[in-house]
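Here the structure is laid out as structure tokens; the discussion comes afterwards.
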Amino acid sequence: MRTLYDKLWDSHVVRDNGDGTALIYIDRHLVHEVTSPQAFDGLRMAGRKPWRVNANLATPDHNVPTTQRAKGIADPISKIQVDTLDQNCAEFGITEFKMNDIRQGIVHVIGPEQGATLPGMTVVCGDSHTSTHGAFGALAFGIGTSEVEHALATQCLILKKSKSMLVRVDGQAGNGVTAKDIILAIIGKIGTAGGTGYAIEFGGEAIRALSMEGRMTLCNMAIEAGARAGMVAVDDTTINYVKGRPFAPKGAMWEQAVQSWRDLVSDAGAKFDSVVILNAADIQPQVTWGTSPEMVIGIDGKIPDPNSFADTVKREGASAALKYMGLQANVPISSVAIDKVFIGSCTNARIEDLRAAAAIAQGRQVAKNVKLAMVVPGSGLVKQQAEQEGLDKIFRDAGFEWRDPGCSMCLAMNADRLEPGERCASTSNRNFEGRQGQGGRTHLVSPAMAAAAAVQGHFVDVRDIK
Amino acid sequence: MQKFETLTGIVVPMDRANVDTDAIIPKQFLKSIKRSGFGPNLFDEWRYLDHGEPGMDNSKRKLNPEFVLNQPRYKGAQILLARENFGCGSSREHAPWALLDYGIRAIIAPSYADIFYNNCFKNGILPIVMDARTVDQLFNEVQANSGYQLTVDLPSQTVRTPKDHSVAFEVDGFRKHCLLHGLDDIGLTLEHVEDIRTYETKRKQAAPWLF
Ligand code: SF4
């Protein structure tokens, strides 16, 4: 009786090193411009070549501008980094969706979109949110640049097996409660280090009911719970999503693949090292109030009083967070006004996310106190699809800016950022100090909650927007 | 990679839990395509009073006198004492590069984020896990004694305090071996080329759509 994680691990062991580590084979390596240049340099210096060039897929995402892209990148340092990726991919023969390719986008959006992420694979990328791809019943995790070089050169990594955790969400999520709210509630419960050392499998009725977009949102933030990998077992939802995608198998090979993917579930009775259970019905739409994703409350909640934490570290953390965030204890979160809205990132910039936000924005106006509300699709293809559905028009009419795809204000490496003291309702995944710009204040929410905050000018329960 | 055997060095205390990699090296410095030169921007947002950007002359910037790295007593520190979940957040290896470039060769904390922990070993930095009580005690000692030094001995897996009190720590056999000899993982893996090829042949039969 094996867990999904056991099965994925076992099928990728090239060699047991006999010292607690194993050489694990990597099926897919995704590459972006920020964490790869030093790895390519390393290859060149050692006179090495990529082991299996077609296992790699690259795209620039962190540094790309989200406006007037045809004009190129204004920031010379960002430009060097993107040009370096282009040169490295050309030199080593790696497939790259360049900045002006319609298939370009955030690496964690394009992998699944292209069918480059498949069930049963090991997927790595020099980016912690690689956990996203676990939504497909894959073993996917972020690596550092040394490991990027290692994966390029050997198609393997030296790994130690993690412990296994099952996070089971029972019952049905209420109206207005999305995958984002579920994962924020999970992180609120287990903490940002709760999953450290574990590979998390998400299961239970509420998870099974999620679309692939929702499962990607969920697994995306497994890393915010401390787990390097998050995953969801394969079912019809997975298989229907993958079918027909450019890199997915076709014809007889498709049938063969589907047959083997059906086994990518934890066996009944498989043992996990740890089990956490939540009730979906208890989860409200969530808003973070602090500088760590675990500092989160339901929209009906009040900002906690640091003194209410028994643990000293938590108490000090909460007071420092309130100071940084410019917030008072015991104030209802729904009364907090915002300056900017960011709908985007590898957490929430897929078509379903944009549809959910547009449904709220439709026929409404961005509130006067909101200086900027921007929508940044996760990829060129998401953007195209949204435009075909008329979502861009809905957003524009409501006063949102409609941008080109990339990481954008999720981490503000390009020109999109918060100014000191600005408060943002953001659909991204990290609310760390300075994440969206120095001194910026980030509140993590779902796309619908972000759109609702945009039109009201403050946080509001999306279920109250009729 | 630089070898790590024993190290006696000044300890700098970073008294904050959940220090994330964005704090260790802010994103604007990730635009560099090099592995070195990150030291002056380690903890940039806490360390300087102005906003740092790549290409600035850091020696002309105003330091934040409150920040621990700027206090003269911790000058030249090689050991960082930290709180739980150190290095959480992004996978950027720029974080250990910045620490190393600054001169940090060992970290002592109750816990680390997984990717960061792993990245340290790849760069010749030894991240030591110690229980929260011992770490607490070390914080007290460091703060009470100017010029406080610890000796980290990897072969015997111990940390010695100035009073010759010795604390043992755990480290993975494979990682220890690589650190002690300054070994490059890629070279080690390429000793198993045959195993990789055998695996690929087998896998190609079982799951041809992956190739
Ligand atoms: S969208 Fe944000 S979290 Fe995702 S890869 Fe880009 S920077 Fe990282």
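Hydrogens, waters and symmetry mates play no part in the numbers below; they use all other heavy atoms, side chains included. Just so we're clear, the structure is a prediction, and the values are computed from it rather than from any experiment. In what follows, chains carry the letters A, B, and so on, assigned in the order in which the sequence lines appear, proteins first and then strands, with residues in each chain numbered from 1.
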Inset, instruction - Using non-hydrogen atoms and a 4.5 Å limit, figure out which bit of T84(A) sits close to chain B: side chain, backbone, both or neither. - result: side chain

Legend entry - Proximal component of A95(B), with respect to chain A [non-hydrogen, under 4.5 Å]: neither

Inset, instruction - Answer yes or no: are there more than 12 heavy-atom neighbours, outside K250(A) itself, under 6.0 Å from its atom NZ? - result: yes

Inset, instruction - Give the member of P208(B), A207(B), S32(B), A17(B) that has the highest number of heavy-atom pairs under 4.5 Å with chain A. - result: P208(B)

Legend entry - Side chain, backbone, both or neither of F211(B) within contact of chain A (heavy atoms, under 4.5 Å): both

Legend entry - Gap separating the NZ atom of K160(A) from the CZ atom of F174(B), nearest 0.5 angstrom: 12.0 Å

Legend entry - Side chains of D185(B) and S146(A) in contact at under 4.5 Å (non-hydrogen atoms): no

Legend entry - Side chain, backbone, both or neither of H177(B) within contact of chain A (heavy atoms, under 4.5 Å): neither

Legend entry - Residue I77(A) versus chain B: region with a heavy atom under 4.5 Å: both

Inset, instruction - Kindly give the heavy-atom pair with the smallest separation between S128(A) and S90(B), and that separation in Å. - result: OG-CA, 3.5 Å

Inset, instruction - Using non-hydrogen atoms and a 4.5 Å limit, figure out which bit of N18(B) sits close to chain A: side chain, backbone, both or neither. - result: side chain

Inset, instruction - State plainly whether the residues R15(A) and D195(B) are in salt-bridge range, i.e. N to O under 4.0 Å. - result: yes

Legend entry - Proximity breakdown for E149(A) and chain B, heavy-atom pairs closer than 4.5 Å: both

Inset, instruction - Side chain from CB out, backbone as N, CA, C, O: work out which of these in A412(A) comes under 4.5 Å of a heavy atom of chain B, or both, or neither. - result: both

Legend entry - For the student: nearest non-hydrogen atoms of G144(A) and I115(B), plus distance: N-CG2, 4.3 Å

Inset, instruction - Kindly give the heavy-atom pair with the smallest separation between Q81(A) and L30(B), and that separation in Å. - result: NE2-O, 2.6 Å

Inset, instruction - Determine, step by step, whether F141(A) and D114(B) satisfy the side chain to side chain contact (heavy atoms under 4.5 Å, CB included) criterion, reporting the C-alpha distance in whole Å, the side-chain angles of both residues, the deciding distance to 0.1 Å, and the verdict. - result: CA-CA 11 Å; F141(A) 50 90; D114(B) 282 342; over 6 Å; no

Legend entry - V313(A) versus chain B, the contacting section by heavy-atom distance below 4.5 Å: side chain

Legend entry - chain B contact via R28(A) - side chain, backbone, both or neither, heavy atoms under 4.5 Å: neither

Inset, instruction - Taking the side chain as every heavy atom from C-beta outward, state whether R35(B) and D41(A) have any atom pair closer than 4.5 Å. - result: no

Legend entry - Under 4.5 Å from any heavy atom of chain B - which part of N429(A): neither

Inset, instruction - Check whether any side-chain heavy atom of K122(B) sits under 4.5 Å from a side-chain heavy atom of H150(A), and report yes or no. - result: no

Legend entry - Reported CD-to-CD distance for the pair Q438(A) and Q28(B), which is rounded to 0.5 angstrom: 7.5 Å

Inset, instruction - Measure the OG1-CD distance between T196(A) and E84(B) for me, rounded to the nearest 0.5 Å. - result: 10.0 Å

Inset, instruction - Using non-hydrogen atoms and a 4.5 Å limit, figure out which bit of R83(B) sits close to chain A: side chain, backbone, both or neither. - result: neither

Inset, instruction - Go through the atoms of K27(B) and report whether side chain, backbone, both or neither lie under 4.5 Å from a heavy atom of chain A. - result: both

Legend entry - T21(A) portion near chain B, given a 4.5 angstrom heavy-atom threshold: side chain

Inset, instruction - Give, for atom CD1 of I80(A) and atom CD1 of I33(B), the distance between the pair rounded to the nearest 0.5 Å. - result: 6.5 Å

Inset, instruction - Check the pair R435(A) / D20(B) against side chain to side chain contact (heavy atoms under 4.5 Å, CB included), numbers first and verdict last. - result: CA-CA 10 Å; R435(A) 170 78 178 178; D20(B) 61 76; over 6 Å; no

Legend entry - S260(A) portion near chain B, given a 4.5 angstrom heavy-atom threshold: side chain

Inset, instruction - Over 60° means perpendicular and under 30° means parallel, so classify the ring planes of H12(A) and Y199(B), tilted if in between. - result: tilted

Legend entry - Smallest separation among heavy atoms of F432(A) and D22(B), with atom names: CD1-OD1, 3.7 Å

Inset, instruction - Check whether L118(A) gets within reach of chain B through its side chain, its backbone, both or neither, counting any heavy atom under 4.5 Å. - result: side chain

Legend entry - E147(A) and E93(B), any side-chain heavy atoms less than 4.5 Å apart: no

Legend entry - Atom pair CD1 (I158(A)) and NE2 (H192(B)), whose distance is rounded to the nearest 0.5 Å: 7.5 Å

Legend entry - Shortest non-hydrogen contact between S91(B) and I143(A), atoms and distance: OG-O, 3.3 Å

Inset, instruction - With the side chain counted from C-beta on, respond yes when R430(A) and C88(B) share a heavy-atom pair under 4.5 Å apart, and no when they do not. - result: no

Inset, instruction - Using non-hydrogen atoms and a 4.5 Å limit, figure out which bit of V13(A) sits close to chain B: side chain, backbone, both or neither. - result: backbone

Inset, instruction - Let me know if S11(A) has heavy atoms under 4.5 Å from chain B in its side chain, its backbone, both or neither. - result: both

Inset, instruction - Answer with side chain, backbone, both or neither: which region of E194(B) has an atom nearer than 4.5 Å to a non-hydrogen atom of chain A? - result: neither

Legend entry - When N119(B), N123(B), I196(B), L210(B) are compared by non-hydrogen pairs under 4.5 Å with chain A, the top option: I196(B)

Legend entry - E33(A) versus chain B, the contacting section by heavy-atom distance below 4.5 Å: neither

Legend entry - Distance-minimising heavy-atom pair for G434(A) and E45(B): CA-OE1, 4.1 Å

Legend entry - Side chains of H51(B) and P420(A) in contact at under 4.5 Å (non-hydrogen atoms): no

Inset, instruction - Measure the shortest side-chain to side-chain distance between V193(B) and W51(A) over non-hydrogen atoms and say whether it is less than 4.5 angstrom. - result: yes

